[in-house]
Structures are given as C-alpha cells and as structure tokens.
Amino acid sequence: MGIRPEDHQQEQHRVNQVIQEIERQMNLLLQNTSQLKGDIVSIRKNFWEDIRINLENESEVIETVASMLQQSQVLSERERTHQQGSRQLSSLSRLHQSPWFGRVNFMETGEQHEEAIYIGIASLYDAEGDEILVYDWRTPIASLFYDYPPGPVQFDTPTGTIYGDMSLKRQYIIRHNTIQAMFDTGLTIGDQILQEVLGQQANSEMKSIVATIQREQNRLIRAKDSRILLVQGPAGSGKTSTALQRIAYLLYRDRNTLTSENILLFSPNPLFNSYVSTVLPELGERNMQQTTFQEYLESGIESIFTLEDAFTQLEYLLTATKDVAYETRLTGISFKASLSFMKAIDHYVTSLETQGMVFKDLIFKDRILISHEEIHHYYQNCDPALSIPERIQKVTIWILAQMKKRTQKDRKLPWVSEEIQLLDDETLNRAYQKLQQKNAFTEDSFDDFAREEELLANWVIQKHLQPLRNDVKKRSFIDVPALYQQLFSDPSFLHRFMEDLPANWPGICEQTTSQLATNQLAYEDTTPYLYLKEKLEGFRENRSLRHVFIDEAQDYSLFQFAFIRHLFPRAKMTVLGDPYQQIHPHSGSYDDNLLSTPFTTLFSQEEIKEIPLGKSYRSTRPIVEFTRQIIKNPTIQPFDRQGERPHLVQWRNKDEHIQQLITRLHEIQQRGHRTIAILCKTAQESHDAYERLQDRIQLQLIHHESSSFDDGILILPCYLAKGVEFDAVIIYDVSASQYNHKSERKLLYTACTRAMHELHLFYGEELSPMIASIDPASYVHEC
C-alpha cells in the first residue's frame, strides 16, 4: 500500500519543525563559538601580560609557575569547548541537509504506547521539549531499522536485551528540507533507496551511505568483538565502506575509552588512503591512523637499503616471464612468504644466543672507537639466561658508557680546538647555557681559561658524538644485513634450521645475496628481514592500538599476518578480503576461502568470527553477470540494478585502437559520467598508453606513488585500482597476448569489477581466452 497524502503532509510538517530546531541550535552554537574564538585569540595575545613574572626567590618562582599554569588551563579549557562546539556545528550542518533517512514505530513489551524512532547520521536532542528528535544510526535501537521487518523485534543494550514490536518501517529521501520520496518497507532496505544511491555518479572520494546499510552489513558493523573478525565478500559487496562504518560505530559505542588514535587501517596503496579519507569525517568522527604495509615496513628498515615495493615486484612478475631467473624468483617469493621460513628464522635467532652474532665497528672521526670484536666479547659474557633483546640492552648501556670514556682524550685533538675557535657568539652562549643546566661550572669557572677550554671541548665532542649515540640507542651496532645475508651465503646453512627447502634453493640464495650485496632489498625479503631485526632488538610492540583493520587481506602472506600479530599483541583485527581478487603471488593460494589456510594456522577457530557478504552492489546486474564468468563463480549475487551490457571492441591496428578509445571516451563523458578509468595491465602499458593519448584528450596518469586523483579520465595499472570504483571502466587491451596465463585471471576480474555503470573492453587480433569463454549473450561485441 502506498503512502497516503495526509501521511506525507504530516512527515513534511515534522521535517519543517526539526529544521527550525536545528537552525535554532546552530545559531546558538555560532554565537558561543564566535565568543570563544574571541576569548582564545585574546588570551593568546595577552598571555604574558596577564602573568606576573618574578624570579627573585623560590617563593616568587613558584607563584610565577602557578600563574602560568592557571592561564594555560584557562586557554586549554576554552580551546576544548570551542572544538566541541565546532564538532556539534558540523553535525548539525549535516542533519540540516537531510535530518533523517529512516523511521521505525516501536513499542516495548509491557508498555502501552509506541514511539516513533527517527534515524539519521547523528542524534538531535531538544532540551526544551526533553525529546530525542533524531537517533544516531549507531544507537542500539537504530539496529531495528537494519535488522528486522515489522513484527516482533529485539535489540541489545549495555544493560540487557529489549524486546518489543515494530509496527512500521519507513525510508526517506530528503533533500533541501523537502521529502522527495518515502517508502514503507519490509526486511531489506528498500530497493528504491539503493537504486537512487547506487545510480549516482562516482567521484574521487568514497561515499558514506549509512541509509542503505544492509542486514548482513549491519551484522559486521555491530559485531561483538572477536580476536579476528573475518569479512569475505565479492567485489562491490561493501567490505571497505562497511568496515569504515564499523570504525565509526566503535568510536561511538566505546567513546569513553576509544579514540581514532587507537585504530589503524592497513590500506592497499596511497591512492586508496585519499579515496576513503572523507568517510569518517562525514560520519562525525576523526580519521583513524592509516598506512600501507609498505610504509610500515619502510619505517623500520635502515636507510642503506633501496626497498622494492609490492607493485614493482608485481610489475616484474607480469612482464618478465621470459627471464631465465623468473621461476627461481617466483619460488623464492613463495618460500619467503611462508610460516616455514619464519620458523627457520626463529631457530636461527635461538642459535645466535651462543654463536654467530655479527656486530659492526663504531666509527668516530674516521677511527674505530669500539671494535666489533669488543662488542662481541661483551655480548658473549652476558648472562646466558638472558634473551637476546635483554643482552642487547645491556650491550647498549655498556657501549654508551665506553663512548663517553673513550672520547675524553679527544679534548686535546686539533679538530676540537679548531672548532672552538670558530664558534660564534650565539653558539657560545648556547653552549654556556647547556653547561649551566648540567651544573658543569660555577659562576667563576670561566675566569680560568683552561677550565673554559676543557668545558667547551667536552661540549663540542658531545655534540659530534650525539648522532652516533642516537644510532647506538637504535641498536645500529648489530649488523643485521650481514646476519640476514648469512642465511643465504651458503646454500647448506639453512639446512641447520629446516629440512624441506625448495629444489632450486641454491639459485634463490644466489639471487638474494646478489641483491643484498648492492644494498637492494626485494619485497619478498622485506618482512623476513624486519622480523629478524625485531627478534634481535626486541619487537616494537604497539600496545596502544585496540583495533587493526586489514583491507585486501587476500594479498597478505602468512608471514606478514604473523608479523602483524607480533606487532600489535593487544589489538583485535578486522580482516577484509576476497580470494578472487588475489593478485600478489607472495600471498599463496586461498582457493575460494580465506579460511582455507592463513587464519586457522595462526589463530584458533574460537578466536575467529566469519561474516560473509554475498551480494555485489557496485556494478549493474549485466556487469556482475559478465565479470563473475571470468572467475567462474556463479554464486556472486548481483543487486538488481539494470544497465547496459559490457562492450567488447576490436581494433585492427594501433592507430585505430587509439581513435576508438578517444571516440568512446567522448561518448561516455556525454552521458554525464564523472570518473572514467582506463585500466592497463602494467605500469609500462599505462605509460605507453598515456604517451599516445595525452595530446588528444585530457587525462591523468596514476602511478603507485600517487596519493590522490581528481574527477575526469584516469589511466592506471589495474592493480592500483583495488578498492576504488569508477563510473565507467575501459580495459585498455584484453588481447590474448596480454591476458593468457591462469595467474592473470584474478587480475582481469579485479579490473573489470571497478566499473559501476559502464564497462568497455578493447582487444586486437585475438581475444583473451578468459573473455572468449564467456557467454556471448553477456556482452555486446563491436567488430
């Protein structure tokens, strides 16, 4: 039954009333924040004038400090209040655009009257009427909207489960203070709303669509904490957006104990970081910490190395199949990503407690200050009951003491005297102040020239020694590169710690030692190297993180997952992935289920809670029906949003290829699409295509270091498009010469599933067998 006109009128009347209340509250907040801003500016401007400074005696100093603290506290309180007011204004501003998107009529068991619960992106409370006008979508009662049809319902609260009956479930589209559409619906969020939202154009930032959260997605958002929350779903099922909404939910639910600083998201690439950066602010929350796994690795590895990243490794594997060393590299990648190799490193580290540790000489002013033999002797004489990190801590303390002793004689060296003579007045004054702070002299000390020279000499030496001292505190005296290389320098060495080595292990050793000799660290070596380093120096555990989110989990290896678990021992993990989008070879094979290998190996079954997402919402039904045939997975459920079938376009030569591309791009733009991606197999193909197109049409070339993109035409390798969606996608070349190997099937699937509304695939003489095997009725073939 449709909505009655009188119901629509009543609902619009309520919208008008609520908008008036929002505007009233906004005006009050604007006045208060404006006054607070003036107070803050005034306090900062007159900070020192309002403080009575007197340092004549101890009592006056205490009074001065107290005055400064009091003034600082006043300023901090004003700033906190101003920030809170600004956040409230931002929340009200979002509600002003669309005050709510859902409503349920709920009557609790035992009560006589039902209550209309209006649900929006934030709560709105009318203090004068003592009434909640709008409930935040994260409140416990709001879960009724996502989880139930009208009838008996229940929801959990911190004090227990509430039971009752829901007589109405209604959805709204409200724009510019006007109800544009209104639907009474059953269990699922109404298709009319989803059609309206999913039919919109994409842009350079992910949208937050809490109004269209589905029941299966709400299970993920509100899931009670498990050690591992594993979310598997096909491309376009909303894994990432739902995970971000889960973060917003956690920040709301645990707002007294959890902040965005306690949450970390590992994202697939820097481009993705920018793409999702607006979701949490739109929901009224600050962004969580965000990094790529590559960036995290880089932060812990010495600057002497040139690090390969995952995308450079992937480029090699996609382009160098005829390289004589290709198969050896591929085997090495797989082996170094395994838990077997991690366990071998564990055994290796244990052996270093008694023999084999390698240290570096400490060099100061071109001479050996402390030799590696001395360090090794002290290390070997430490209590054998101590762990290696505990011994290294003792060695560090010993080295720092020795450095101070052994540089005393340097006071008489010419370079010290020369530097003292070159000190300007400002530097001298700074040196005197630092020496005074350390009580290095009395007021009369500088009457004695020799004493002055001695003190300044010490100051100069310590200044030059400081970088070396900092390096020692970072355990730089351990020769980790030599220790890692030791694993490969002799092919028989690793046999001491494990039995089953790859058949071409000598070749892997030769490749690895060759790269290490030139300070090159391949991507497959980066995690094992850092793991060895952490095992020796002591893990840099981050115990402040409470939640770690890992997106595109299918591209992480077992070794990497185990390493992350070591780094964040207190954190719960939300792991998001799709085995059919696995494109990196180091991750191994997950078949059609992430649970098939990694998590059951690293965690007990009781620690894992799996939430599957089965339906794909991003693409139109014809695109989903086409793309699921690439990976031969008929179980992917498309959302019933109609559109054109994908188009296959054949070209006869390179000039025709480019002309057809340009014509197609203009046609897509004329249809109003804002983001169009030309997806290539590799970075080299992207660069070549860009060179051929840039003088003919405006477009952006995206590479693996790109951190953002604008609306328009983009050209990029398909592996950089992971997690991102576009209005229209053009696959630059799906000829058999490009996509022929079985390992490239998931790469092609990932590329095609980036399309929301249109998908076009171009090819030359022969079509890729991965596309040729698809039912011809699934696409339009243009010859």
Side-chain angles (χ1 to χ4, degrees), residues 29 33 36 40 72-73 75-95 120-125 135-140 142-143 156-158 205-206 208 210 213 218 220-229 231 240-267 272-293 295-296 299 539-551 564-576:
L29 277 169
T33 53
L36 282 167
I40 291 167
S72 178
Q73 287 170 354
L75 177 61
S76 296
E77 186 273 329
R78 295 284 197 282
E79 288 175 336
R80 280 195 301 271
T81 306
H82 183 268
Q83 289 172 359
Q84 184 180 9
S86 297
R87 286 196 295 271
Q88 289 175 336
L89 265 173
S90 177
S91 176
L92 288 170
S93 178
R94 293 194 303 275
L95 284 174
I121 60 171
S123 292
L124 179 66
Y125 179 66
Y135 285 80
D136 191 297
W137 65 277
R138 296 167 290 185
T139 55
S143 65
D156 294 331
T157 73
E205 296 171 342
M206 177 180 278
S208 166
V210 294
I213 293 169
N218 194 48
L220 160 60
I221 292 169
R222 297 173 189 264
K224 293 195 169 120
D225 296 341
S226 300
R227 180 72 174 88
I228 297 292
L229 187 61
V231 184
T240 301
S241 60
T242 307
L244 292 169
Q245 288 157 349
R246 173 167 173 77
I247 292 172
Y249 170 75
L250 292 171
L251 289 169
Y252 177 87
R253 187 194 70 182
D254 302 330
R255 53 192 175 277
N256 295 325
T257 58
L258 186 71
T259 69
S260 55
E261 286 75 28
N262 304 131
I263 302 173
L264 174 66
L265 169 65
F266 279 111
S267 54
F272 181 89
N273 289 350
S274 170
Y275 182 63
V276 302
S277 63
T278 60
V279 174
L280 283 177
E282 281 183 7
L283 297 174
E285 301 292 351
R286 294 179 180 174
N287 268 322
M288 69 274 130
Q289 297 184 65
Q290 197 168 344
T291 187
T292 64
F293 190 62
E295 289 168 341
Y296 196 92
S299 69
F539 266 89
R540 298 175 296 157
E541 294 179 350
N542 187 326
R543 293 185 172 272
S544 66
L545 281 178
R546 300 263 304 281
H547 293 273
V548 172
F549 286 72
I550 303 175
D551 205 359
I564 290 171
R565 185 181 64 171
H566 278 292
L567 292 174
F568 310 109
R570 286 190 59 201
K572 295 178 172 66
M573 292 187 192
T574 300
V575 179
L576 316 155

* Atom pair CZ (R94) and CG (L89), whose distance is rounded to the nearest 0.5 Å -> 11.0 Å

* Asked: What distance do R138 atom CZ and L251 atom CG have between them, rounded to the nearest 0.5 Å?
  -> 7.5 Å

* Asked: Atom CZ in F568, atom CG in L545: separation rounded to 0.5 Å?
  -> 5.5 Å

* Tell me, please, which residues at least two apart from R222 pass side-chain hydrogen bond (donor to acceptor under 3.5 Å, both in side chains). => N218

* Heavy-atom donor-acceptor pair, S93 side chain to S90 backbone, under 3.5 Å -> no

* Taking all heavy atoms of N287 and all of S277, pick out the closest pair and write down the distance. => ND2-O, 2.6 Å

* Kindly assign one of parallel, tilted or perpendicular to the pair F539 and H566, based on the angle between their ring planes and the thresholds 30° and 60°. => parallel

* Mind checking what makes side-chain contact (heavy atoms from CB on, under 4.5 Å) contact with T292, not counting sequence neighbours? -> S267, P270, N273, Q294, E295

* Structure fact -> Sorted by chain and residue number, the side-chain contact (heavy atoms from CB on, under 4.5 Å) partners of A243 (sequence neighbours excluded) come out as F549, L576

* Value rounded to 0.5 Å, distance of OG1 in T574 from CG in L250 -> 7.0 Å

* To do: Using the test side-chain contact (heavy atoms from CB on, under 4.5 Å), find all partners of T257 that sit at least two apart in sequence or belong to another chain.
  => D254, R546

* Asked: Quick one: ring-ring contact (aromatic ring centres under 6.0 Å, His included) partners of Y125, sequence neighbours excluded?
  -> none

* **Side-chain heavy atoms of I247 within contact of L283, under 4.5 Å** => no

* Asked: Heavy-atom distance under 4.5 Å between the side chains of I564 and F293, does that happen here?
  -> yes

* **Listed partners of E541 passing side-chain hydrogen bond (donor to acceptor under 3.5 Å, both in side chains), at least two apart** => R543

* side-chain hydrogen bond (donor to acceptor under 3.5 Å, both in side chains) partners of N542, counting only residues at least two apart -> S544

* Asked: Quick one: side-chain contact (heavy atoms from CB on, under 4.5 Å) partners of R255, sequence neighbours excluded?
  -> Y252

* Take atom CZ in R540; do more than 12 heavy atoms of anything else shown fall under 6.0 Å from it? -> yes

* Asked: Out of curiosity, H547 NE2 to L264 CG, how far, rounded to the nearest 0.5 Å?
  -> 12.5 Å

* salt bridge (charged side-chain N to carboxylate O under 4.0 Å, His left out) partners of R246, counting only residues at least two apart -> D225

* Start with the C-alpha gap between F266 and D551, add the side-chain angles, then the distance that decides, and say whether side chain to side chain contact (heavy atoms under 4.5 Å, CB included) holds. => CA-CA 6 Å; F266 279 111; D551 205 359; over 6 Å; no

* With rounding to the nearest 0.5 Å, note down the distance linking CG in L244 to CD in E285. => 12.0 Å

* **Note, L220 side chain near L229 side chain (heavy atom, < 4.5 Å)** => yes

* Asked: Among all residues two or more places apart in sequence or in another chain, which pass the salt bridge (charged side-chain N to carboxylate O under 4.0 Å, His left out) test with D156?
  -> K224

* Structure fact -> In terms of heavy-atom contacts, W137 and A142 come closest through O-CB, 3.4 Å

